[in-house]
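Inspection log for the structure reproduced underneath, given as structure tokens.
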Amino acid sequence: MTATVSDPDLEGQFESTIARDQRIEPRDWVPADYRKTMIRMIAQHAHSEIIGMQPEGNWITRAPSLRRKAILLAKVQDEAGHGLYLYSAAETLGADRTELTENLIEGKQKYSSIFNYPTLTFADVGVIGWLVDGAAICNQVPLCRSSYGPYARAMIRICKEESFHQRQGYELLLTMMKGTPAQRKMVQEATDRWWWPSLMMFGPPDADSSHTAQSMAWKIKRHTNDELRQRFVDMSVPQAEALGVTLPDPELKWNAERGHHDFGEIDWSEFKAVVSGNGPCNAQRTAHRKKAHEQGAWVREAAAAYAAKRAGGDDDAR
Amino acid sequence: MTATVSDPDLEGQFESTIARDQRIEPRDWVPADYRKTMIRMIAQHAHSEIIGMQPEGNWITRAPSLRRKAILLAKVQDEAGHGLYLYSAAETLGADRTELTENLIEGKQKYSSIFNYPTLTFADVGVIGWLVDGAAICNQVPLCRSSYGPYARAMIRICKEESFHQRQGYELLLTMMKGTPAQRKMVQEATDRWWWPSLMMFGPPDADSSHTAQSMAWKIKRHTNDELRQRFVDMSVPQAEALGVTLPDPELKWNAERGHHDFGEIDWSEFKAVVSGNGPCNAQRTAHRKKAHEQGAWVREAAAAYAAKRAGGDDDAR
Amino acid sequence: SADLEAYCLMLGDDALVLSHRLQEWSTNAPELEDEVAIANIALDLLGQARLLLTRAGARSEDEYAFFRAEHEFRNVRLTELPRGDFAELTARLFVFTTWRLAILRRLTGSRDPVLAAIAEKGVKEVTYHRDYAARWVVRLGDGTAYSRDRMLEGFAVVWPYVGELFVPSDVEERLVSAGVGVDPASTEEEFRQVVAEVCAEARIPVPDAAAIPGVAGRAGRHGVHTEAMGYLLAELQSVARTHPEASW
Amino acid sequence: SADLEAYCLMLGDDALVLSHRLQEWSTNAPELEDEVAIANIALDLLGQARLLLTRAGARSEDEYAFFRAEHEFRNVRLTELPRGDFAELTARLFVFTTWRLAILRRLTGSRDPVLAAIAEKGVKEVTYHRDYAARWVVRLGDGTAYSRDRMLEGFAVVWPYVGELFVPSDVEERLVSAGVGVDPASTEEEFRQVVAEVCAEARIPVPDAAAIPGVAGRAGRHGVHTEAMGYLLAELQSVARTHPEASW
């Protein structure tokens, strides 16, 4: 991490590590752009975990059974934990957590757009587990082989926990589908609301994706947006059938020739609006995070003052 | 209102107005002690209306029928209105509303202790109407003949509205007693909680009441605490029977000799604790009023600044 | 008809839900005069809600209020936003009453005589409500520097939900053709003019912000609400749902 | 027995209701580390509640949690007070865990083997909870001048509800005689000693305030709560009561 100017030897070493599918570690020299891209990627992922606590956290106090309450509380806690690892991973690249938090609440860095949709019934908790965590896993499993070591290792742990969350979400939906007509209706209605936004989680079509090429060369990413999206659709269709819900896409059908499901056109204007800040909950999510952060300022200051006092041996003055 | 030093002529005039059962009006000379007593009395009454909005207001958003919600909302609104007239009546004696409000939130002036009990079910709304408003009316009807004119006139209007509220409260209880077992239980349980505090509303026993003698001489008060309390008990017993609830006093029974109901000993230690600030809700009620007042400060300042600007012809500067 | 029922629920739920938010102001107003005024507006809106839910006709007013699920409520999202501070109250009330007055005025000409009569009564009430709110917009906007900032902030919170007010639902479109309902789009010009006048009087800029979208184009009129709505209904319906067999 | 049921509800409701207030902190903590820690404590308490409500035995844990009326909840009022700020959280959590740890330690010797086992598990958990809370009392008390004031204010809000913790109910008295329950009065000395130690470490005075009475001597253990409780239950029970026939 000493050289700031590009150095042919170091650059060669970096390229060869990547080529050999070995991992870059915090002590290794990396090109400035790799560092920047990696920090941005990890920070966005961390922010997504933190903001993602809000839509689900919205139902903790109202969860209709104590078992579901415990599961949901543990899940939201896991997301805070994921945020913590990921901020730590970003710190190994020289980023500062306080600064990253500022970037989030001032809208300078993004988080996954999926969390800008509201959770409107308890079925949303299940559908987020099933579809949103499902899509996240599709996105993230390849990241366990990311070229940057600390991120890859964080992703292994995160993916394990997310698979667990996904199964829990799907199991909640199975239970609800065996329940009252009102419960079944809730599940269908939540599926209708979350399906298309879940497909948007894979980002813009490959043709419009600005970061993909370089990220793939650096082995930060391993598959294109459209490849992952297709994988997700193919995976979800039989799950929906097993559940007994209809995915809200009349064009969705098996294409034997491609060996994949065809599906309808995504509303990219909605995607762009939400990404650029004008989704149903963007303002609410950011304002909430900002408020919590500001209301915690005096607490963080107190902790810092206390630590400084004790470090300074102020005990003697007692 | 010009003489500050006692003047035999003015004092004679005052005494004779009182003796002839005529009303003292704002322009009339009054002894300093009469003024002080009257301001204290009216202010405490005004504060009671304002604080009294809290326990009932607590159920507006949860009222279980739209009709009951409208009735309750109107009632709490009436209480704000009563507070307004009463502060105005106090102002005719030279008091300042802002100062009276400060006295309330700083605990320098009291309000009726009954409002330091919590409202725990919707039945409390009915029982407050029946018992608390009932007791208030017993206390207040004689005040319609108070020697101080503005107060007497305010009381006439207030008593009219309170009788209406009392009937509405009682009618709610009648409806609930015709309802489910859970509803009947709620009514009984609320009656159990409010009965004794209602009896305490008439103040300490005559033997211990410090203000009564002078207040009666000035015809500010017309009956002793114990007389009014007995009247209230005699009135409430047949109402409880009609309703089908048991008043929580095993010693309560008709005494043919006295022509009144005998009743058990009031827990005066509880009364003293609540009056001196340590009831179940004293801190909560005062803190709530204080918070609302403080949160409104910027609004009142804005209104004052605007009024000053417009009065100053600032319009030209536009 | 189903359309008439849905339409009555739309206008009725707007009143019911905003009334709830105003009820939350009870014991919290900056002055006793405002305490009285806000309660009065809450009462009038509650009264309008009761008439409209009754006109909806398929169920009783209490069944509609206390036993519908969130997605069956048809109010615009503006009405359900959390209580907020006095500036948000002022901004929301001003926006809402300006819009509703324009709707109700047009509704007095409805072919449905009951709706026309409800509108007639409502016009008188909401005229007063709008006046109350507009006077506070002016006093806060042209009061202190601090109150001006808060007033602008209040509009910033509320304004993104204004766009929704002028988008007609299918039901409204059909009832406009039938001469029964009002096209909300037809009120926008009047709305913007009143806002411009009052903002000028308050010496503040006319608010401007992108409209917050619903979910896949569906918002309050389609039963798609904000996350605040569930908590509101949990409170509103709590006693009634705890005692489903009771009468009050 | 009815006494054992009532006793399990007391200890179980304490955990259930305070867990709810901690759940309200989700996404609101000052740091991610506290986010994780508070959720963890909420989870542990929820776990204790589930074991205790199950041991209560006459109904399922969910029937107890979601279908009892307010007056059937037996938690002390301390647990139901509104969420408050981080200093109130700290004060309440410190007071509660210090008390509960003392209760649970004694309960490990209960003649009821299930209660003893639940207590055994709880002691481990609550030891950690108390440590977390005590460390924040010290950091806030001995942090900045501002945090010290807030910490004192936090204790001022919470302390009036401490008296209730040491008053045994009839049920507890009978179960103490039977060797099954713990006399809460027996924990007061230990409680006061721990508080004194931590306050000394935090360089703040030991809190002191008159105990807030119940209504006619009846408080949380008798089902007489504060006005905050109704709102808490309205939220906690809202989905379950909206779908009484559902299973989740």
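Labels below follow one simple rule: chain letters A, B, ... track the order of the sequence lines, proteins then strands, and each chain is numbered from 1. As a basis for the values below, the full set of heavy atoms in this structure was taken, side chains included, without hydrogen atoms, waters or symmetry mates. Computed from a predicted model, the values in this text were never measured in an experiment.
Heavy-atom pairs under 4.5 Å with chain A were tallied for D:Glu245, D:Gln237, D:Glu33; the largest tally goes to D:Glu33. Considering only heavy-atom pairs separated by less than 4.5 Å from chain D, the leading option among A:Thr101, A:Leu172, A:Leu84 is A:Leu84. Heavy-atom pairs under 4.5 Å with chain A peak, among D:Leu32, D:Thr144, D:Val239, at D:Leu32. Of the residues considered (A:Gly57, A:Gly126, A:Ala63), A:Ala63 shows the highest number of contacts with chain D, using heavy-atom pairs under 4.5 Å.
D:Glu235 and A:Thr61 share a side-chain donor-acceptor pair at under 3.5 Å.
Both the backbone and the side chain of A:Arg67 come within contact range of chain D, with heavy atoms under 4.5 Å apart. At a 4.5 Å heavy-atom cutoff, the contact between A:Arg68 and chain D is made by side-chain atoms alone. Contacts of A:Met186 with chain D are made by side-chain atoms alone, with heavy-atom separations under 4.5 Å and no backbone atom involved. Contact of D:Leu16 with chain A is made through the side chain alone, with heavy-atom distances under 4.5 Å. Contact of A:Ala304 with chain D is not made at all, since no heavy-atom distance falls under 4.5 Å. Of the atoms belonging to D:Leu43, heavy atoms from both backbone and side chain fall under 4.5 Å from chain A. With a 4.5 angstrom heavy-atom cutoff, A:Val299 touches chain D via backbone and side-chain atoms both. With a 4.5 Å cut-off on non-hydrogen atoms, D:His243 touches chain A through its side chain but not through its backbone. Both the backbone and the side chain of D:Ala42 have a heavy atom closer than 4.5 Å to some heavy atom of chain A. Residue D:Ile38 does not touch chain A at all, counting heavy-atom pairs closer than 4.5 Å. Using a 4.5 Å cut-off between heavy atoms, A:Ile50 contacts chain D through its side chain alone, with no backbone atom that close. In this structure, chain D has heavy atoms under 4.5 Å from both the backbone and the side chain of A:Ser65. Looking at D:Ala87, the atoms closer than 4.5 Å to chain A (heavy atoms on both sides) sit in the backbone and in the side chain alike.
When the shell of 6.0 Å around CZ of A:Phe164 is examined, it contains 12 or fewer heavy atoms from other residues, nucleotides or ligands. For A:Glu102, the CD atom is densely surrounded, since the number of other residues' heavy atoms within 6.0 Å is greater than 12.
Here the CD1 atom belonging to A:Ile60 is positioned 6.5 Å from the CD atom belonging to D:Gln23, to the nearest 0.5 angstrom. Distance check: A:Trp59 CH2 to D:Ser26 OG gives 14.5 Å after rounding to the nearest 0.5 Å. Atom CG of D:Asn40 is separated from atom CG of A:Leu73 by 9.0 Å, given to the nearest 0.5 angstrom. Here D:Asn28 contributes atom CG and A:Arg289 contributes atom CZ; the two are 9.5 Å apart, rounded to the nearest 0.5 Å. The distance from atom CZ of D:Arg139 to atom CZ of A:Arg310, rounded to the nearest 0.5 Å, is 11.0 Å. Here D:Trp248 contributes atom CH2 and A:Gln183 contributes atom CD; the two are 4.5 Å apart, rounded to the nearest 0.5 Å.
Screening A:Gln54, A:His288, A:Lys291 against D:Thr27 for a side chain to side chain donor-acceptor pair (under 3.5 Å) leaves a single residue, A:His288.
A:Tyr306 is listed as a side-chain neighbour of D:Val138, based on a closest heavy-atom distance under 4.5 Å. A 4.5 Å side-chain heavy-atom check between D:Glu31 and A:Arg97 finds at least one atom pair inside the cut-off.
Taking every heavy atom of both residues into account, D:Val36 and A:Ala80 meet most closely at CG2-CB, 3.8 Å. Summarising the geometry of A:Pro64 relative to D:Phe66, their closest heavy-atom pair is O-CE1, 3.4 Å, with the distance given to 0.1 Å. Listed here is the closest heavy atom pair of A:Leu66 and D:Asp62: N-OD1, 2.9 Å. Contact detail for D:Pro30 and A:Gly296: the closest heavy-atom pair is CB-CA, 3.6 Å.
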